[in-house]
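Note on naming: letters A, B, ... go to the chains in the order of the sequence lines (proteins, then strands), and numbering restarts at 1 for each one. All heavy atoms count here, side chains included; hydrogens, waters and symmetry mates do not.
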There are 2 protein chains.
Amino acid sequence: MSVTLKQLAASLGLSPTTVSRALNGFPEVNAATRKRVEDAAARANYHPNTRAKSLATGRAQAIAHVIPVSTSHEIVNPVFADFIAGAGETYARNGYEMILRVVNDDDETQAYRDLLARGSVDGVMVHGPRTFDPRIKLLTELGLPFLVHGRTSGVNTPYSWLDINNQRSFHRATQFLCDFGHRRIALINGLQDMDFAARRRNGYLQALEGAGIAPDPALIRHAEMTEPYGYRAAQEMIQLTEPPTAFLASSMIVAYGIRRGLSDLGLKLGRDISVITHDDELSYLPNDGDVPMFTATRSSVREAGRRAANMLLQLVGQPGTGPLTELMETTLVLGASTGPVRNCA
Amino acid sequence: MSVTLKQLAASLGLSPTTVSRALNGFPEVNAATRKRVEDAAARANYHPNTRAKSLATGRAQAIAHVIPVSTSHEIVNPVFADFIAGAGETYARNGYEMILRVVNDDDETQAYRDLLARGSVDGVMVHGPRTFDPRIKLLTELGLPFLVHGRTSGVNTPYSWLDINNQRSFHRATQFLCDFGHRRIALINGLQDMDFAARRRNGYLQALEGAGIAPDPALIRHAEMTEPYGYRAAQEMIQLTEPPTAFLASSMIVAYGIRRGLSDLGLKLGRDISVITHDDELSYLPNDGDVPMFTATRSSVREAGRRAANMLLQLVGQPGTGPLTELMETTLVLGASTGPVRNCA
DNA sequence: CAAATGATCCAAACCGCTTTGGATAGCGGC
DNA sequence: GCCGCTATCCAAAGCGGTTTGGATCATTTG
């Protein structure tokens with residue numbers, strides 16, 4: 001169905017060796033010959049068979065993203081999709097294939113072993129790290145190059161990661177609210193054991209402490225970041241004897257839920273109550289314009305995907321490279337959802 | 001790094017041939033020998049090298065999803081992610097790899113050619129078909145098995161697809177609103193040239209016609225399905241001299257925008273104004289419970305991904321199989337967002 | 001009992017590409 | 001005219017599997 005190197009070589013009266021070298025830029029081939037080969041290759045729409053090539057070279061030219069699905073945590077969320085898209089762009093540009101493997105939660109370990117044993121990939125991207133994530137140890141032992149999107153606290157061996165500064169982000173957002181006079185600030189966070197959630201909570205707690213405010217457990221929630229979760233959290237907290245005057249949301253989706261919960265009670269964001277959310281800059285949930293709807297800690301997860309992929313490719317391309325890390329700062333954008341505390345709320 | 005067939009064979013004092021046959025279930029191998037081989041393979045964590053295997057067999061054991069990114073249309077949306085997840089589950093279960101290739105809009109044709117020439121995949125999934133989609137013709141000519149998620153109207157050669165009954169869905173939803181006395185019904189649809197959007201509009205128009213209502217262009221919109229799009233559409237349409245009393249939304253995200261637009265104007269869904277949306281059953285935007293927030297035409301896009309993948313694998317596994325098609329019906333679920341028309345709106 | 005039949009196993013070719021280790025020829029220098 | 005060099009090209013051996021075409025030996029059959 002498609003032309004092979006051997007056929008191409010035969011049609012040119014050359015050996016496969018020479019054709020291979022001509023196409024791969026080796027020096028020991030005559031310039032005229034090279035040109036002839038390249039032209040013929042283009043004309044025949046010749047592309048080397050990936051399988052054969054990687055079998056011969058030992059490099060798979062592919063990166064895997066393993067996606068565990070479970071009943072407890074849904075990793076296939078919008079943020080994940082955008083990250084993948086960013087990473088995919090980078091892989092494509094560098095001639096790497098991106099393979100996605102959807103596995104059952106408890107098969108994840110086996111999936112990495114399998115990927116390695118089958119020689120299907122040169123490296124893997126680790127998604128959604130927990131506070132204590134066993135995958136780092138496993139992958140290190142396996143010797144499979146990997147990069148973590150996020151970090152994990154309970155690991156002391158070095159590893160490569162790219163993360164946003166979750167702690168500083170939420171520290172700053174909290175501080176911002178405190179400066180406006182808020183003292184009852186709710187945190188509607190992601191799942192408890194997710195590392196990013198822990199860091200955000202830390203930033204939040206530190207800022208409260210800095211402002212001399214004792215944290216109230218009733219104002220802190222952890223759960224899967226769905227819209228109804230935000231809705232319920234907002235509605236329930238408002239009923240407290242001492243309700244919050246401001247909310248911190250871990251994602252736009254949650255923020256939308258909070259907004260709905262509050263507006264159903266007749267509360268207007270920015271006037272009656274304040275909300276700051278983290279904004280991953282997802283295309284279908286834009287939070288921009290002259291005055292964005294939400295005040296937010298902003299960072300493009302798509303860009304994160306691009307950079308993470310670049311780092312991983314570097315790791316794969318130059319083994320021996322020490323662990324690579326990058327901490328992306330977020331920007332605090334002012335939107336219409338925050339204002340000074342209003343006592344008669 | 002990982003054990004090869006040859007090594008395994010040597011360690012057992014057998015030939016590679018026998019080991020290969022033992023593991024692949026060929027009949028001409030002694031039961032005791034097979035057991036011995038299987039045990040040893042499990043013990044050594046032996047997995048055949050994918051590249052070598054597919055080079056030898058000619059089958060790639062992989063399916064590609066090509067994702068065109070462009071400035072005009074963002075295919076990396078939440079719906080897409082869930083579909084991918086469903087499909088991925090199926091691939092994994094059947095020992096197929098899923099490869100995602102993110103390409104620039106105008107490179108999509110080349111991407112398919114490349115995928116084919118390199119022998120990287122056995123089949124491809126086509127996403128987001130337009131009303132007149134050139135990809136069907138291209139893939140048919142290339143002879144690469146493919147399955148379309150959705151359909152395309154401007155193609156008369158047969159091809160395989162899986163779609164939901166968009167037309168009937170929106171026909172029914174419109175009828176439902178008409179039965180409640182609504183005569184000014186707005187359609188906040190997806191991008192104009194997307195096939196699903198055309199079918200939904202057809203269903204909508206037919207239902208209006210059936211109810212003796214002349215469609216009003218001012219009540220029909222097409223655009224990328226973002227939250228602010230829903231918001232703006234709702235707010236602007238309400239300002240019309242003859243505002244709509246009901247909205248039909250093409251996705252939950254858009255419906256959220258509409259809801260926000262309306263509630264900012266003090267309108268309450270189900271009481272002052274009605275909204276029906278299409279609900280793809282995304283996990284982080286659930287629309288369930290005793291009384292779902294939105295009345296909706298519901299269909300799991302994840303399940304669609306599973307089924308589509310199954311069909312594609314069948315196509316790949318048994319070439320010569322005629323085109324496979326499946327039309328999934330949606331269910332109309334009653335939620336809190338619809339009610340009889342209210343004159344004093 | 002010889003021949004035919006199965007049951008098992010193996011050697012070697014092959015899939016399409018890379019790469020090692022020459023081979024050949026043209027050329028300047030002595 | 002011979003030698004060493006460089007430039008250019010090629011044969012053949014892998015990479016790690018599958019598969020074709022026997023080989024070997026025990027068992028059945030006439």
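- In this structure, CZ of A:Arg51 is placed 18 Å from C1' of C:dT18, rounded to the nearest angstrom.
- Minimum atom distance to the side chain of A:Glu28 is reached by D:dT8, of the listed D:dT8, C:dT20, C:dA11.
- You'll find that the side chain of A:Thr18 is closest to D:dC9, out of D:dC9, C:dA11, C:dT19.
- Nearer to the 5' terminus of DNA chain C, by closest-nucleotide assignment, is the contact made by B:Asn30 (compared with the other of B:Thr57 and B:Asn30).
- Using bins of under 30°, 30° to 60° and over 60° for the plane-to-plane angle, the ring pair A:Phe83/A:His127 lands in the perpendicular bin.
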- Task: Start with the C-alpha distance between A:Glu303 and A:Arg306, add both sets of side-chain angles, then the distance that settles salt bridge (charged side-chain N to carboxylate O under 4.0 Å, His left out), and finish with yes or no.
- Result: CA-CA 5 Å; A:Glu303 175 62 19; A:Arg306 288 195 200 95; 2.7 Å; yes
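- Rounded to an integer number of Å, the gap from A:Phe26 CZ to C:dT18 P is 8 Å.
- Residue A:Arg21 is classed as a base contact, given a heavy-atom separation below 4.0 Å to a base.
- Of the candidate nucleotides D:dT18, C:dT18, C:dG16, D:dT18 has the atom nearest to the side chain of B:Lys53.
- For D:dT8, the base has no donor-acceptor partner in the side chain of A:Thr33 [N/O atoms by modelled type, under 3.5 angstrom].
- Out of C:dC17, C:dC10, D:dG16, the shortest distance to the side chain of B:Thr17 is found at C:dC10.
- For A:Ala56, counting side-chain heavy atoms from C-beta on, the closest listed nucleotide (C:dT18, C:dC9, D:dG17) is C:dT18.
- Proximity note for A:Ser15 (side chain, C-beta onward) versus D:dA11, C:dA12, C:dT20: the nearest is D:dA11.
- Within the 4.5 Å cutoff, side-chain heavy atoms of A:Arg101 are placed close to those of B:Glu97.
- Toward the 5′ end of DNA chain C lies the nearest nucleotide of B:Gly13, the other residue of the pair B:Gly13 and B:Leu55 mapping further downstream.
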